[in-house]
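Owing to the predicted nature of the structure, the values given are computational and were not obtained by experimental measurement.
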Amino acid sequence: MDSKYKLDDINGSEIAFQTRFLDMNTVDQLFQASFTSAPGVIASAPGRVEIIGNHTDYNGGTVVGACIERRLHVALSLRSDAVIRLVSSSEGAIVETTLDAYSSEDVADWARYPLGVFDEFSIQFGASSGFDLAVTSDIPTGEGLSSSAAIELATALALNELLGLNLPVSALVGLSHRAENRFVGVPCGLLDQSTVGFGKRNALVVLDAASGRHHSFAMPSGHNLFVFRTHIRHELQHSPYEQRHKECRNALVALNQVIPGTRHLAHLHPLDIAAYDVIMDSVVARRAQHVVDEQRRVGLFLKHLHEGDMRAAGQLLTASHKSSKELFENSTPELDFLVDGLNQFPHVLGARLSGAGWGGAVIALTTSSFTSEDANRMADAYEATFDARSHWWATQIGDGARVESH
Ligand code: GLA
């Protein structure tokens with residue numbers, strides 16, 4: 001990443017956001033103010049961007065993610081009774097429940113993520129003490145930047161520490177993923193938890209979702225990654241995300257009739273889809289086509305990065321977006337506007353929606369000649385069209401989740 005962009009090269013109203021920047025001391029303060037004692041441990045975790053591999057993860061494909069520098073902090077103490085209390089700086093009221101009574105239905109939405117993680121510790125390791133937990137964050141929520149995986153991983157690290165379990169990060173990633181699937185009820189793949197758990201500064205996380213294995217890939221220097229937010233929030237639960245998940249399963253079931261033993265949609269060849277699309281509903285065939293093509297784009301993207309051909313790598317980001325828009329149908333006019341607009345700038349190498357889609361954020365890979373003025377021109381054009389500002393920043397690739405103090 002080019003060093004001329006600091007942690008957040010902020011524009012306009014992003015400044016208001018920046019002033020809410022909350023660090024380890026303030027989660028400590030929130031904890032003490034809420035629970036009148038010092039926390040036993042503080043852990044933190046970043047948000048993430050999805051670089052490429054849209055909706056390939058739950059189809060057994062490869063996906064590339066990177067941590068951003070915005071982080072969430074969790075302060076936690078175990079209790080000697082059965083009470084569970086959770087507080088978030090952005091939500092106000094303390095959520096209070098007990099070991100016998102907690103459920104995903106009766107608590108504020110945000111509290112289901114840490115409770116789901118605790119539930120996994122309870123199922124798998126017999127965790128049985130109440131706890132107090134405080135959260136502060138500067139990761140925007142509902143914008144495709146995975147604040148949910150951040151709260152899961154930070155909670156998992158904190159519980160791991162206080163329960164003295166010494167679980168490796170890979171176990172915490174799996175446990176957080178199960179918490180989101182089971183307790184929260186979102187059938188997400190492994191991308192978010194893996195990126196947030198395994199991320200390293202200036203490196204991409206390349207995840208083979210079929211095996212859960214990952215490796216790091218150093219991000220070539222001299223290029224920048226910009227995040228442009230739409231003003232459209234998305235929720236994954238009861239959303240088209242679940243619908244797409246089902247459509248992909250339907251494609252896999254149908255294709256197994258003609259290619260028996262196929263375990264993962266992403267492992268098929270584009271010619272398989274072309275040969276057998278008649279056995280699938282046309283919508284389902286389009287979803288399958290996207291997944292299979294996207295898997296090949298991921299491979300090519302990594303090859304281009306390896307060879308240092310950033311322009312070709314960037315074009316694949318834009319091709320990924322086109323496929324998301326036309327075949328997977330998870331884009332929106334706002335996301336398309338940003339991708340099309342950004343691609344008008346000669347120093348933008350490529351752009352695409354990042355994450356689930358249906359709102360959220362766009363990422364752009366740029367040369368170091370793409371300036372703040374350029375980014376502001378994009379945000380101006382967005383505002384003129386949608387009557388709301390697209391907040392943007394040049395992001396560094398940050399570190400993954402970690403224990404801060406105990
Ligand atoms: C969300 C999910 C991920 C992944 C992406 C789309 O971020 O949580 O598991 O499916 O959408 O690629």
Exercise. Which word best sums up how the rings of Phe386 and Phe337 line up, parallel for under 30°, tilted for 30 to 60°, or perpendicular for over 60°?
Worked result: perpendicular
For this session: With sequence neighbours left out, write down each residue that passes side chain to side chain donor-acceptor pair (under 3.5 Å) with Glu96, or none if nothing qualifies.
Result: none
Exercise. Counting N and O atoms only, with roles assigned by atom type, does the side chain of Asp132 sit under 3.5 Å from a partner on the main chain of Phe35, one being a donor and the other an acceptor?
Worked result: no
Exercise. Closest heavy-atom contact between Gln295 and Ala266?
Worked result: CG-O, 3.3 Å
Problem set entry | Separation of Asp340 CG from Lys325 NZ (nearest 0.5 Å) | 6.0 Å
For this session: Indicate the ring-plane relationship of Tyr58 and His245, choosing parallel, tilted or perpendicular according to the 30° and 60° boundaries.
Result: tilted
Problem set entry | Contacts of Ser122 that satisfy side chain to side chain donor-acceptor pair (under 3.5 Å) - sequence neighbours left out | none
For this session: Go through the steps to decide whether Thr318 and Asn343 satisfy the test side chain to side chain donor-acceptor pair (under 3.5 Å), and finish with yes or no.
Result: CA-CA 8 Å; Thr318 304; Asn343 275 316; 3.3 Å; yes
Exercise. What pairs with Arg296 under side chain to side chain donor-acceptor pair (under 3.5 Å), at least two apart in sequence or on another chain?
Worked result: none
Seminar exercise, completed: Contacts of Asp374 meeting salt bridge (charged side-chain N to carboxylate O under 4.0 Å, His left out) (sequence neighbours excluded), chain-then-number -> Arg377
Exercise. When you look at His347 and Thr366, which way does the side chain to side chain donor-acceptor pair (under 3.5 Å) test go after all the steps?
Worked result: CA-CA 6 Å; His347 298 299; Thr366 75; over 6 Å; no
Problem set entry | Heavy-atom pair of closest approach, residues Ala203 and Ile397 | O-CG2, 3.3 Å
For this session: Answer yes or no: is there a donor N or O on one side and an acceptor on the other, between the side chain of Thr230 and the main chain of Ala361, under 3.5 Å?
Result: no
Using residues 348-357 as the side-chain source, report each donor-acceptor pair under 3.5 Å to any protein atom, sequence neighbours left out, with the distance given to one decimal.
residue : atom : partner : partner atom : Å
Arg352  : NE   : Ser320  : OG           : 3.0
Arg352  : NH1  : Glu50   : O            : 3.0
Arg352  : NH1  : Glu50   : OE2          : 3.2
Arg352  : NH1  : Ile51   : O            : 3.0
Arg352  : NH2  : Glu50   : OE2          : 2.6
Ser354  : OG   : Glu50   : N            : 2.8
Ser354  : OG   : Glu50   : O            : 3.0

Seminar exercise, completed: Asn160 meets the side chain to side chain donor-acceptor pair (under 3.5 Å) criterion, sequence neighbours left out, with none
For this session: Would you confirm whether Asp399, through its side chain, and Arg201, through its main-chain N or O, come within 3.5 Å as a donor-acceptor pair?
Result: yes
Exercise. Between Asp208 and His215, do the side chains contain an N or O donor and an N or O acceptor separated by less than 3.5 Å?
Worked result: no
Problem set entry | Shortest non-hydrogen contact between Gly60 and His264, atoms and distance | CA-ND1, 3.5 Å
Problem set entry | Taking every non-hydrogen atom, the tightest pair across Val292 and Leu268 | CG1-O, 3.3 Å
For this session: Report yes if some heavy atom in the side chain of Thr97 is under 4.5 Å from a heavy atom in the side chain of Asp106; otherwise report no.
Result: no
Exercise. Side chains of Ser44 and Glu404: donor-acceptor distance under 3.5 Å anywhere?
Worked result: yes
Seminar exercise, completed: Tightest non-hydrogen contact, residues Pro114 and Leu86, listed as CG-CD2, 3.7 Å
